[in-house]
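Following: one structure in structure tokens, then a few remarks.
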Protein chains: 2
Amino acid sequence: MRKQAANNGQDLAWLRKCAIRCAGYEQRESDKLMPPKISDVARLANVHPSTVSRALDPTKRSRISDEIVARVTKIANDIGYRPNAVAASMRTGSTRTIGVVVHDVNDPIYPPLIKGLEDAVLDTGLMVMLGNGGFSADRASGLVDRMIARAVDGIVLATTVLDDPLVEKCLAAKIPTVSMVRYPRDGSVTSVVNDCVSGMEQMTQHVIECGHQRVACIAGPQTSSAGHNRLIGVRSSLHRSGIDLPPEFLKITDQPRMEAGYAATMELLSLATPPTAIICVNDVVAMGAMRACRELGVSCPEDVSITGFNNVAFTEFVAPGLTTVAVDFQRIGDLAGRALLSEIEGKCPQKNIQTVPCHVVSRDSLRVI
Amino acid sequence: MRKQAANNGQDLAWLRKCAIRCAGYEQRESDKLMPPKISDVARLANVHPSTVSRALDPTKRSRISDEIVARVTKIANDIGYRPNAVAASMRTGSTRTIGVVVHDVNDPIYPPLIKGLEDAVLDTGLMVMLGNGGFSADRASGLVDRMIARAVDGIVLATTVLDDPLVEKCLAAKIPTVSMVRYPRDGSVTSVVNDCVSGMEQMTQHVIECGHQRVACIAGPQTSSAGHNRLIGVRSSLHRSGIDLPPEFLKITDQPRMEAGYAATMELLSLATPPTAIICVNDVVAMGAMRACRELGVSCPEDVSITGFNNVAFTEFVAPGLTTVAVDFQRIGDLAGRALLSEIEGKCPQKNIQTVPCHVVSRDSLRVI
DNA sequence: TTGTAAGCGTTATCAG
DNA sequence: CTGATAACGCTTACAA
């Protein structure tokens, strides 16, 4: 003890090298030097571990004498002490980690959501655990199981369907949960979404104003609020203008990916009287539609207009420039992150649905006829 | 005890409802029902917690009598017991979680890397913790600190520069580490990269074969192996063909983003004798170059050819179709995941650099002159 | 202001 | 094949 006390005044550089051994610690198992722990710091500083804990915690630092805070801080730095977050989690019940479930990070809507989310929670010290459900309910469910097992402090679901067992699972596990981009029918979790109905109404209105009467729609799965509401938006605007949406002009896809857009467009364009405009549930589907046009030698927008939704990163560079609906995913991610933080901090006012507006971006894939 | 034993033969459905309470457990703190723990299962099954642990572990299940395995399994299911992974980590030292550090998930090279990685490690039960360094060394460093504090089993760095303090930090923390897409100069960690030198040589050769003599290059930061090697590839091919790369034709960017490509191209095209071809370090920079062309009223590829690198998701849809170098990022992610698994399992044969080949994809942005 | 002691929920190790 | 015990590293009442 006295020997250690004497060391405190000296240059502590040597501590870094021989660390624990030099201070007379017993050898750790299998002579594999373990990282320094709180008790190592405590011994070197001649204080109790709990004092170290307090000295190193900005919240409680004030209750410790300046001298000890300084000594402890220095020694901790010198020997490269890092609090073991796992052990802390065990005690506090908080892992300072949140889980995020998406379908596939390759879908261009997710990166800005993820980034917005991370940015929103980063200063609070939270980390993000990411899982790609890959459109498989089982895989997504397994992912959530693991997140729960790892005691994440909260979960953000971006895969929510209207009746979602995953939402129930998170709720049953009493884990703060937020849904983004989609919401469950029962509103059982706070959700941050864009206004799909309005977005599609605006787009459809725009299409109609361009003179289109034969309007087709490649819709998304009706099991998700986004797919459902976007179709509602199309229908509502069409109806208001007295335009019919005949069954052969409505293609509902299971997975709104490029292949689906391609396949649906191949069918639409081989109709006896094909549509003059195709409203797609999203940009990726619209790209598939464009590819089908190219293969069929049908010109877009000369022969057929195509519209997208989401305004994902590359849409401004495609040819023809895709007319679409801009959605601020980064902001949605940000709001979802803040909402989750509120839930985690326990101040959850009400489960609610936050809606961010979206608006049409006119480019070249939609033309006036 | 006897009472519980009797219950085992009965319908255990009621257990789910009243769970712990019904079995005569003392009330848990603040009457907030905590999730069931291993000892809860143990009591209900009339066995010791360690027996439950073994019965539920596929590895050790064989050492337990079938009868007990069945009983324990049923009860665990009935009361919805989930092993607390945090507590297990505390004991085993393994969190079954890996950290992944990228610059920005919005950069289209990262999603396939991340997905490939996740797919590679998913069956082994690992989860992925994601961090966006955002081109800030400090932020990335903080991210790694937190990952280490959370005791991740391994780290995959996709932000590695030739002399990387982050690599050293991971190594110092004795954490299995793998680098992807880039490697450190000293080869101190196993790395999985694409063959940038060869890729750029092929591309440059292709440009030369198209008859270009005035070839410019918008290079990436020379602090990273990718940026460095791609420029080497350009230089090497040019040199072999006896073509000069004058200083004004070489633009080196700090952050190879769209803005950089735009700015560099604006300069290149305002030269007295501008280049006829611009070789860009990546697709995103090439998009910036294309935008500059559009603004300047310079036609691509009529007036100037532009090439990219990476063949990211949207390149085939842009106009003109971008001639680029295809890199299989999903595969790189997969290999990085496998490499990390080997490191984690301790069978790290040698630190090495795995190189996956890449090849030119010809589209329309490069033309014969 | 600092020390004491009790856990957090698992699993490894050793006994039986 | 199963049970008992200890330990993983930290935090936090409570006590001094």
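Lettering follows sequence order; numbering is per chain, from 1.
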Take the protein atom [atom1] of [X] and the nucleotide atom [atom2] of [N], then report the distance between them rounded to whole Å.
X	N	atom1	atom2	value
B/L56	C/dT10	CG	P	10 Å
A/R71	C/dT2	CZ	C1'	12 Å
B/I38	C/dC8	CD1	P	14 Å
B/D57	C/dT11	CG	C1'	9 Å
A/R150	C/dT10	CZ	C1'	15 Å
A/R96	D/dT11	CZ	C1'	15 Å
A/M90	D/dA6	CE	C1'	14 Å
B/N84	D/dC8	CG	P	18 Å

Under a plain distance cut-off of 3.5 Å, with no hydrogens placed, do [Y] and [X] share a side-chain donor-acceptor pair?
X	Y	result
B/T160	B/S179	yes
B/E343	B/T190	yes
A/K351	A/S188	no
A/R54	A/S50	yes
B/S136	B/D138	no

Collect all protein-nucleotide pairs involving nucleotides 1-3 of chain D in which both atoms are nitrogen or oxygen and the distance is under 3.5 Å.
| unit_1 | atom_1 | unit_2 | atom_2 | d |
| --- | --- | --- | --- | --- |
| D/dT2 | OP1 | B/S65 | OG | 2.8 |
| D/dT2 | OP2 | B/S65 | N | 2.6 |
| D/dG3 | OP2 | B/H48 | N | 3.1 |
| D/dG3 | OP2 | B/T51 | OG1 | 2.4 |
| D/dG3 | N7 | B/R54 | NH2 | 2.7 |
| D/dG3 | O6 | B/R54 | NH1 | 3.2 |

Taking only N and O in the side chain of A/S53, is any of them less than 4.0 Å away from OP1 or OP2 of D/dT11?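 It does, given that an N or O in the side chain of A/S53 lies less than 4.0 Å from OP1 or OP2 of D/dT11.
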
With respect to the phosphate group of D/dT11, does any side-chain polar atom (N or O) of A/K60 fall under 4.0 Å of OP1 or OP2?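 Result: no.
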
Between the base of C/dT11 and the side chain of B/R91, is one N or O donor paired with an acceptor at under 3.5 angstrom?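 Checked by distance alone, the answer is yes.
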
side-chain contact (heavy atoms from CB on, under 4.5 Å) with A/V121: which of A/L340, A/T97, A/D334, A/I98?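 Single pass found, and it is A/I98.
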
For DNA chain D, determine which residues of residues 121-128 of chain B have any heavy atom closer than 4.0 angstrom to one of its atoms, and list them numerically.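 Within this stretch, nothing sits under 4.0 Å of the strand.
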
Approximate separation, where rounding is to 0.5 Å, of B/M127 CE and A/L130 CG: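 With rounding to 0.5 Å, CE (B/M127) is 8.0 Å from CG (A/L130).
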
Name the nucleic acid region contacted by B/R61, choosing base, sugar-phosphate or nothing; use a 4.0 angstrom heavy-atom cut-off, strictly under.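 Since no nucleic acid heavy atom lies under 4.0 Å of B/R61, the category is nothing.
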
Working for salt bridge (Lys or Arg N to Asp or Glu O under 4.0 Å), residues A/K115 and A/D119: CA-CA 6 Å; A/K115 185 66 172 20; A/D119 288 350; 3.2 Å; yes

Answer yes or no: is there an ion pair linking B/E118 with A/R139, defined by an N-O contact shorter than 4.0 Å?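 A salt bridge is present here (some side-chain N lies under 4.0 Å from a carboxylate O).
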
